[in-house]
Amino acid sequence: MTVRVAVFTEPHRGASYDDQLRFARLCEAGGFDAFLRADHYRAMGDEPGLPGPTDAWLTLAALARETSRIRLGTLVTSATFRLPGPLALMVAQVDQMSGGRVDLGIGAGWYEREHIAYGIPFPGVGERFDRLAEQLEIVTGLWRTPVGETYSWAGEHYRLVDAPALPKPVQQPGPPIIVGGRGPKRTPDLAARYADEFNMPFTSVEETAEAYDRVREACDRAGRAESGRAPLVLSAGIVVAIGRTDAEAHRRAAPLHVKSALPPEDPVVGSPAQLVDRIGEFAAIGATRVHLRLIELDDLDHLELIATEVLPQLDGTR
């Protein structure tokens with residue numbers, strides 16, 4: 001099977017920049033396709049997440065200069081955190097800094113507690129999706145505007161007048177955009193209109209297959225194929241806790257039992273062979289990329305186990 005394997009991390013659980021740098025470098029050395037991180041400003045449970053949060057795009061900018069091959073990105077940036085004009089600028093700059101290795105995962109935002117904690121406005125879900133739709137239009141519009149021309153936009157939530165639409169990203173017409181989630185209506189429609197990749201996060205193969213069907217139908221409604229756009233990359237998130245023994249796997253899975261704001265998930269807890277099988281199941285329903293969520297950034301042996309026992313069994317990962 002040909003599946004690209006990315007690593008997804010959650011530094012808000014507790015990780016410094018140096019922790020993330022070490023992990024990203026090991027991902028690169030191990031042959032993984034990408035290092036992606038969450039964009040959150042506090043932990044999901046009662047733990048403090050020491051030493052505290054790190055900003056996703058500040059971190060990725062630094063990693064862009066400290067790595068050379070691996071792709072870098074967010075899964076996903078919250079549209080509530082940044083205005084779309086500055087977001088387009090900062091992602092384009094990080095794309096330049098990395099030599100064209102950035103993916104922009106972006107979503108509507110959902111974790112109210114972190115917004116309250118840091119004084120970030122948190123409108124209702126309908127408005128958040130309206131803002132996400134405008135942000136996608138603006139970010140892609142700025143990137144596609146030819147050098148020497150300006151970009152303007154007048155929407156319900158954002159207004160841009162004669163923006164220079166600079167700097168330009170290395171990747172053209174722009175870095176790949178990832179849109180994903182379990183929403184049955186607006187999420188598939190936004191993915192069909194704006195995204196390069198649709199991601200279904202951390203649930204069962206059956207639920208993921210249903211989501212893929214919805215997004216394929218949305219692509220048909222949007223006339224994506226007729227417009228000449230490339231088909232959506234379909235990806236799946238997998239929570240991973242594997243080991244050389246059952247005891248080792250269950251030790252790694254222990255944090256999954258801690259109370260959290262996250263929705264129910266379908267982790268792989270067991271052997272490397274079980275992870276290979278799960279990836280194969282996702283490949284069978286159309287996934288060509290998987291994002292493995294590894295819980296502890298200081299568990300470097302877990303990363304090495306996947307690199308040595310799982311990646312060699314998957315074509316196209318190196």
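Numbers for residues simply follow the sequence, beginning at 1.
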Inset, instruction - Return each pair, listed once, that meets ring pair (Phe, Tyr, Trp, His ring centres under 6.0 Å) where at least one residue sits in residues 63-102; pairs must be two or more places apart or across chains. - result: Y41-F81, F81-H115
Output a table of donor-acceptor pairs, distance under 3.5 Å, between side-chain atoms of residues 239-250 and any protein atom two or more places apart or on a different chain; print 'none' if there are none.
| unit_1 | atom_1 | unit_2 | atom_2 | d |
| --- | --- | --- | --- | --- |
| R244 | NH1 | D301 | OD1 | 3.4 |
| R244 | NH1 | D301 | OD2 | 2.7 |
| R244 | NH2 | D301 | OD1 | 3.1 |
| T245 | OG1 | E248 | N | 3.1 |
| E248 | OE1 | R244 | N | 2.6 |
| E248 | OE1 | R252 | NH1 | 3.4 |

Inset, instruction - Verify the neighbour count for atom CD of E66: are there more than 12 heavy atoms of other residues, nucleotides or ligands below 6.0 Å? - result: yes
Legend entry - Spatial distance of atom CZ (R251) from atom CG (D299) [nearest 0.5 Å]: 6.0 Å
Legend entry - Side-chain hydrophobic cluster, 4.5 Å single linkage: members besides V161: none
Inset, instruction - Keeping to residues at least two apart or across chains, list the ring pair (Phe, Tyr, Trp, His ring centres under 6.0 Å) pairs with something in residues 174-212. - result: F8-F202
Legend entry - Reported CZ-to-OG1 distance for the pair F35 and T59, which is rounded to 0.5 angstrom: 8.0 Å
Inset, instruction - Scan for ring pair (Phe, Tyr, Trp, His ring centres under 6.0 Å) pairs involving residues 129-159, sequence neighbours excluded, and state none if there are none. - result: none
Inset, instruction - Count the heavy atoms belonging to other residues, nucleotides or ligands that lie under 6.0 Å from CZ of R159, then report whether that count exceeds 12. - result: no
Inset, instruction - May I ask you to check whether S78 and D39 show a side-chain donor-acceptor distance below 3.5 Å? - result: no
Legend entry - Side-chain donor or acceptor of R128 paired with backbone N/O of F122 under 3.5 Å: no
Inset, instruction - Apply side-chain contact (heavy atoms from CB on, under 4.5 Å) to Q93 and list each qualifying residue two or more places apart in sequence or on a separate chain. - result: L89, M97
Inset, instruction - Could you tell me whether the side chains of T54 and Q20 share a donor-acceptor contact shorter than 3.5 Å? - result: yes
Inset, instruction - Determine whether V139 and L72 fall in the same hydrophobic cluster, where Ile, Leu, Val, Met, Phe, Trp and Tyr are linked whenever their side-chain heavy atoms lie under 4.5 Å apart. - result: yes
Legend entry - Over 12 foreign heavy atoms within 6.0 Å of CZ, R65: no
